[in-house]
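Here the structure is laid out as structure tokens; the discussion comes afterwards.
Atom set for the values below is all heavy atoms of this structure, side chains included, hydrogens, waters and symmetry mates excluded. All figures in this text were calculated on a predicted structure; none of them were measured in a lab.
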Amino acid sequence: RADNHNYHFDPIIRSLLDTDFYKFPMLQLVFFHFPDVKASFKVINRTLSFKIADYVPIEAVRQQIEHVTTLSFKQSDQIYLSGNKFYGKRDMFKPEFIDFLSSLKLKMPEISIVDGQYEIHITGLWMETMLWEIYILAIMNELKSRAGLSSLNKIELDVLYARGISKIWNKLNRLKGIPGFTVAEFGTRRRHSFLWQERVLQIAQEVLGSSLIGTSNVFLAQKYSMEAIGTNAHELTMAITALADEGILDCSVQNAPYKVLELWQEMYGELLIFLPDTYGTSGFFNNAPDFVWDW
């Protein structure tokens with residue numbers, strides 16, 4: 001795929017399940033407790049020295065993002081989320097929430113270029129906009145990777161990926177067999193590409209066996225019968241603190257983080273409270289673009 005540049009269109013996001021699992025329990029909480037809250041998300045490149053718009057054309061960005069607006073949660077996606085076990089229990093996601101997902105259509109964000117950098121902005125109901133984060137980050141990272149690989153010929157690409165596989169193979173074999181050690185893959189938003197993330201998981205599954213406890217990527221977890229791993233992110237605390245600051249939420253700014261935990265425990269009990277003893281000595285890895293994992 002990296003060598004053949006004749007594809008009319010090669011989608012980066014293939015399914016709305018191609019995101020981090022924690023988005024779904026967070027989204028369900030927002031759906032039930034904050035259905036009328038509006039939010040604004042903006043994606044920017046924090047590395048100002050790298051002007052990504054000089055390498056990635058806006059037409060490619062727009063085409064990939066427009067493709068996401070054509071996707072929906074298929075019936076098989078809904079069945080997976082409603083009927084599958086997560087953290088050993090069924091019925092994490094309530095029927096009303098699954099019905100909401102079945103009718104969800106993501107709206108097109110605004111895309112602009114400011115001083116050589118892309119700014120991608122989406123405003124709307126919080127529960128209708130929050131999924132965009134992972135999709136857009138994955139799109140921008142893969143478009144950057146495609147631009148970087150475009151000048152390499154087939155032999156150079158073969159060598160590049162062979163070296164990447166060799167590095168991962170060596171690192172995984174160093175981890176294999178460490179008593180009590182487990183690892184989960186959390187690389188979706190920073191991945192080199194979807195296909196590379198998938199290859200990394202295949203290799204990790206083969207080398208680590210049961211020591212690989214899962215992936216944050218819901219689509220790949222479903223495809224390879226793996227655990228979907230994730231709880232929540234700082235997005236909840238940030239937004240609920242802002243609501244408290246504006247007097248919309250009936251608690252002080254100082255107590256907003258505790259309010260988040262109260263709502264979380266009310267909805268999920270102890271199901272999604274991370275306990276280190278559950279998995280022993282746990283780690284997480286990202287399939288970073290330079291083929292070196294972040295730990």
Side-chain angles (χ1 to χ4, degrees), residues 13-29 77 80-81 84-90 92-93 130-131 133-135 137-138 141-142 164-165 167-237 264 268-295:
I13 303 299
R14 294 156 168 78
S15 163
L16 291 184
L17 289 184
D18 184 14
T19 189
D20 285 329
F21 177 74
Y22 71 76
K23 278 292 182 179
F24 292 109
M26 287 199 302
L27 181 57
Q28 179 170 241
L29 187 145
D77 301 335
Y80 172 76
L81 290 173
N84 193 57
K85 284 185 178 181
F86 298 103
Y87 290 87
K89 293 186 179 181
R90 297 191 190 278
M92 176 186 290
F93 300 110
M130 66 183 295
L131 287 176
E133 177 192 1
I134 309 300
Y135 303 139
L137 289 173
N141 271 304
E142 183 157 349
I165 290 172
K167 285 185 178 181
I168 288 174
W169 180 267
N170 289 333
K171 289 183 178 182
L172 288 172
N173 274 285
R174 289 177 63 189
L175 299 175
K176 182 180 179 181
I178 297 176
F181 180 83
T182 55
V183 63
E185 188 272 332
F186 272 65
T188 301
R189 68 175 64 212
R190 300 179 181 90
R191 68 191 182 195
H192 167 76
S193 70
F194 169 82
L195 293 175
W196 179 250
Q197 181 182 19
E198 184 175 32
R199 188 73 181 113
V200 167
L201 270 178
Q202 291 171 332
I203 297 170
Q205 200 170 30
E206 181 176 336
V207 175
L208 295 177
S210 61
S211 294
L212 177 68
I213 60 172
T215 173
S216 67
N217 189 294
V218 185
F219 180 70
L220 292 174
Q222 179 192 39
K223 184 174 180 179
Y224 290 99
S225 300
M226 300 172 67
E227 291 286 341
I229 301 291
T231 51
N232 64 53
H234 58 276
E235 175 185 339
L236 277 183
T237 304
W264 191 260
Y268 299 113
E270 296 184 357
L271 182 62
L272 291 180
I273 298 175
F274 179 74
L275 300 174
D277 290 343
T278 304
Y279 296 123
T281 306
S282 298
F284 305 91
F285 67 82
N286 297 318
N287 41 74
D290 58 358
F291 301 110
V292 178
W293 292 354
D294 297 328
W295 290 89

Item to check | Closest non-hydrogen atom pair, Arg191 against Asn141 | outcome: O-CB, 3.5 Å

Next on the checklist: Whether Glu227 and Lys85 form a salt bridge (side-chain N of Lys/Arg under 4.0 Å from carboxylate O of Asp/Glu) is what I want to check.
Outcome noted: no

Item to check | Minimum heavy-atom distance Tyr22-Gly230, with the two atoms named | outcome: CB-C, 4.1 Å

Checklist entry - Applying the side chain to side chain contact (heavy atoms under 4.5 Å, CB included) test to Leu212, which of Leu175, Leu172, Thr182, Leu201 qualifies? => result Leu201

Checklist outcome for this item: Rounding to 0.5 Å, atoms CG (Leu16) and CZ (Phe219) come to a distance of 11.0 Å

Checklist entry - Between the main-chain N or O of Pro25 and the side-chain N or O of Tyr268, is there a donor-acceptor pair closer than 3.5 Å? => result yes

Next on the checklist: Applying side-chain contact (heavy atoms from CB on, under 4.5 Å), can you list everything that pairs with Ala228, at least two apart in sequence or on another chain?
Outcome noted: Phe21, Tyr80, Phe86, Ala221

Item to check | Full working for side-chain contact (heavy atoms from CB on, under 4.5 Å) between Gln197 and His192 | outcome: CA-CA 7 Å; Gln197 181 182 19; His192 167 76; over 6 Å; no

Checklist entry - Would you say the side chain of Ile229 lies within less than 4.5 Å of the side chain of Tyr87, judging by non-hydrogen atoms? => result yes

Checklist outcome for this item: In terms of heavy-atom contacts, Trp169 and Asn173 come closest through O-ND2, 2.8 Å

Checklist entry - Counting only N and O atoms by type, is there a donor-acceptor contact under 3.5 Å from the side chain of Glu185 to the main-chain atoms of Gly214? => result no

Item to check | Side-chain heavy-atom pair Ile203, Ile165 within 4.5 angstrom cut-off | outcome: yes

Item to check | Rounded distance [0.5 Å steps], CE in Met92 versus CD in Gln28 | outcome: 8.5 Å

Next on the checklist: Within the 4.5 Å heavy-atom criterion, are Val218 and Asp18 side-chain neighbours or not?
Outcome noted: no

Item to check | From CA spacing to verdict: side-chain contact (heavy atoms from CB on, under 4.5 Å), Tyr135, Lys23 | outcome: CA-CA 11 Å; Tyr135 303 139; Lys23 278 292 182 179; over 6 Å; no

Next on the checklist: For Asp20 versus Ile134, what's the shortest heavy-atom pair and its separation?
Outcome noted: OD2-CD1, 3.6 Å

Checklist entry - What pairs with Lys223 under side chain to side chain donor-acceptor pair (under 3.5 Å), at least two apart in sequence or on another chain? => result Glu198

Checklist entry - So, the side chain of Gln222 versus the backbone of Leu17: is there a donor-acceptor pair under 3.5 Å, distance only? => result no

Checklist entry - Which pair of non-hydrogen atoms, one from Gln202 and one from Tyr224, has the smallest distance, and what is that distance? => result NE2-OH, 2.8 Å

Item to check | Nearest atoms (heavy-atom pairs only) where Phe24 meets Thr19 | outcome: CE1-CG2, 3.6 Å

Item to check | Heavy-atom side-chain proximity of Leu220 to Phe194 below 4.5 angstrom | outcome: yes

